[in-house]
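Because the structure is predicted, anything quoted here is derived from the model rather than measured. A note on names: the letters A, B, ... follow the listed sequences, proteins ahead of strands, and every chain is numbered from 1.
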There are 2 protein chains.
Amino acid sequence: MPRTLDIQEKIQELRLFYRREKRLPSYREMLDVFGYRSTNAVSGLVKKLVEHGFLAKDAAGHLSPTAQLSGTVRMLGFVQAGFPSPAEEAAADVLSLDEYMIRRPEATFLLTVNGDSMVDAGIHPGDIVLVEKGSQPRNGQIVVAQVDGEWTLKYYVKDSVGVRLDPANRKYQFIRPRQSLVIGGVVRGVIRRYE
Amino acid sequence: MPRTLDIQEKIQELRLFYRREKRLPSYREMLDVFGYRSTNAVSGLVKKLVEHGFLAKDAAGHLSPTAQLSGTVRMLGFVQAGFPSPAEEAAADVLSLDEYMIRRPEATFLLTVNGDSMVDAGIHPGDIVLVEKGSQPRNGQIVVAQVDGEWTLKYYVKDSVGVRLDPANRKYQFIRPRQSLVIGGVVRGVIRRYE
DNA sequence: ACCATAACTGAACACCCGTTCACCCGCAAC
DNA sequence: GTTGCGGGTGAACGGGTGTTCAGTTATGGT
């Protein structure tokens, strides 16, 4: 049998280059990245990386990274399961938070939360909500809405009476719009960063 | 005065190409993207995009996108401020969730939360925590730890007695490790996605 | 109405790109 | 020990790359 090649190691090198330069290296640059001396070796390796789904090639032959390559964090299991072995880590799915959290980039915006009306839903002051504009909210979804001139974050509920906006905090009561109701967008996600 | 050029519009086109192809177009491809007929026009525009910080050029002349270009979501203000006008939207800072949330990609992992011991800290079952390995936790930080063989999510507190692990839920009591304590990592962020 | 000037055209250039070819190397199985 | 075969070398090729230069066009200010 012929000699074997460690693809994982090559991917790691390529990933480092991509993180540093934010672009894929040319075949000549890959000579350094992979430790080759012939671009033909690179050509063969690239073919494999495409087969394995780390790179994609369009009709004109242009290379582009897939989520498997450009992703920044590894998705492991549950907290209860703890941290797996290094081998399991390497095999874990790599994903990009942007791709995971955002479906319609052109319609999605970030807003910082400044009230405590949604704390029981796990949305605290200082958290950032991902809001998607231009889609009709369904019952139970969290929306950013302007009720009688004031913008708030609430559960959207449509009942027999009309539209009701529920807080997730016993300190506050639900609201029914008197004059105007503008739905800014539907909350698709929440992110929080610890300093 | 000479004719003027709408850079924002060009950036938008370029951003669309980048989102679609996950790479920057070549100068000939930019002819289509920007609606030019000469690569010299492209050359001039690229120079301006570099000046404005949307593109970067390394020593060898290779182009790469900056966060301003590759970012996926626009950062607006606070919920109370509501949604700004389209003009303000265009001027808003564009950022990437990956860059915003992750400092050390090679040491950061995602774990799904399955207990309710941290609900009062806004971390619910099903949420995903970003855990950074290999850094010493400070008092008050949330950690993923293995206490006497079991993995949990708790506040890390070091007092005169030793290390104590506090839940954020009145139903549970704090824990002091009897035999073993392994700190898996420090929680740097939380993300939650609504279906 | 007319400049001044930035935006843009069109073409030419040197260079770098990815592909391909024939050939060599080294390891594992037989 | 020999052989099969995937991994890698080195070189050559055609086409695509970004740059540059001289010249043209369009527009906002005077």
Side-chain angles (χ1 to χ4, degrees), chain A residues 1-66 68-70 90, chain B residues 1-18 20-66 68-70 87 90:
Chain A
M1 279 290 171
R3 40 187 161 162
T4 55
L5 123 85
D6 185 357
I7 289 201
Q8 286 297 331
E9 175 197 347
K10 305 291 186 187
I11 290 167
Q12 192 54 26
E13 295 295 324
L14 187 56
R15 196 171 273 145
L16 286 175
F17 186 99
Y18 188 76
R19 296 240 173 93
R20 198 171 59 244
E21 306 284 335
K22 288 177 182 161
R23 64 178 177 86
L24 289 175
S26 72
Y27 280 39
R28 322 278 152 169
E29 290 175 315
M30 289 190 200
L31 293 180
D32 279 338
V33 173
F34 296 137
Y36 288 149
R37 307 180 65 179
S38 167
T39 54
N40 180 36
V42 173
S43 179
L45 179 57
V46 165
K47 210 165 282 179
K48 291 204 176 137
L49 293 179
V50 171
E51 281 172 13
H52 284 74
F54 292 97
L55 295 174
K57 233 175 194 173
D58 66 14
H62 292 118
L63 285 179
S64 62
T66 63
Q68 277 294 312
L69 196 280
S70 65
Chain B
M1 277 293 166
R3 41 186 161 162
T4 55
L5 130 81
D6 186 358
I7 289 201
Q8 286 298 331
E9 175 198 346
K10 305 292 187 185
I11 291 167
Q12 193 52 27
E13 294 295 325
L14 187 56
R15 197 171 274 144
L16 285 175
F17 185 100
Y18 188 76
R20 197 172 59 245
E21 306 284 336
K22 291 183 183 158
R23 64 177 175 89
L24 289 176
S26 73
Y27 281 39
R28 322 280 150 165
E29 289 175 316
M30 289 190 200
L31 293 180
D32 279 339
V33 173
F34 296 137
Y36 288 148
R37 307 179 65 181
S38 167
T39 55
N40 180 36
V42 173
S43 178
L45 179 58
V46 165
K47 211 165 283 179
K48 291 204 176 133
L49 293 179
V50 170
E51 281 171 15
H52 284 73
F54 292 98
L55 295 173
K57 231 177 198 175
D58 65 12
H62 292 118
L63 284 178
S64 62
T66 64
Q68 276 294 312
L69 197 278
S70 64

Least distance between heavy atoms, K22(A) atom then P65(B) atom: O-CD, 3.4 Å
Sugar-phosphate only, base, or nothing, as touched by T39(A) at under 4.0 Å among non-hydrogen atoms: base
Closest non-hydrogen atom pair, F54(A) against R15(A): CE2-NH2, 4.4 Å
dG10(D) phosphate, OP1 or OP2, under 4.0 Å from R37(A) side-chain N/O: yes
Euclidean distance, atom CG of residue L24(B) to atom P of dG16(D) [Å, nearest integer]: 20 Å
Using distance only, find each side-chain donor-acceptor pair of residues 38-52 of chain A under 3.5 Å and give its atom names and separation, not counting sequence neighbours.
unit_1 : atom_1 : unit_2 : atom_2 : d
S38(A) : OG     : N40(A) : N      : 3.1
H52(A) : ND1    : K48(A) : O      : 2.8

R28(A) side chain near dC17(C) phosphate (N/O to OP1/OP2, under 4.0 Å): yes
Exam field: side chain T66(B) to backbone G53(B), donor-acceptor pair closer than 3.5 Å: yes
Value in whole Å for how far the P atom of dC8(C) lies from CZ of F34(B): 11 Å
Gap between atoms CG and P, on L63(B) and dG16(D) respectively (whole Å): 19 Å
Nearest heavy-atom neighbours spanning M30(B) and L63(B): CE-CD1, 4.1 Å
Atom-to-atom span, OH of Y36(B) to P of dA7(C) - whole angstrom: 8 Å
Nearest listed nucleotide, side chain of L5(B), among dA7(C), dC17(C), dT9(D): dA7(C)
d(CE, M30(B); C1', dT19(D)) in whole Å: 14 Å
Whether E29(B) side chain and S26(B) backbone form a donor-acceptor pair below 3.5 Å: yes
Minimum heavy-atom distance between S64(A) and E21(B), given as atom pair plus value: CB-O, 3.2 Å
Spacing of E9(B) atom CD relative to dA7(C) atom P, expressed in whole Å: 14 Å
Axis-to-axis angle between the two ends of the helix from dA1(C)-dT30(D) to dC30(C)-dG1(D) (five base pairs per end, rounded to 10 degrees): 40°
Length of the line joining L31(A):CG and dT9(D):C1', which is rounded to integer Å: 11 Å
Between C1' of dC27(C) and CG of D6(A), the distance in whole Å: 16 Å
Approximate separation, where rounding is to 0.5 Å, of L69(B) CG and L55(B) CG: 5.0 Å
From dG18(D), dT19(C), dT9(D), nucleotide with atom closest to Y27(A) side chain: dT19(C)
Considering all heavy atoms, the nearest L24(B)-F17(B) contact: C-CE2, 3.9 Å
Neighbours of DNA chain D within residues 40-60 of chain A, by heavy-atom distance under 4.0 Å: N40(A), A41(A), K48(A)
Check: dG10(C) base within 3.5 Å donor-acceptor of S38(B) side chain: yes
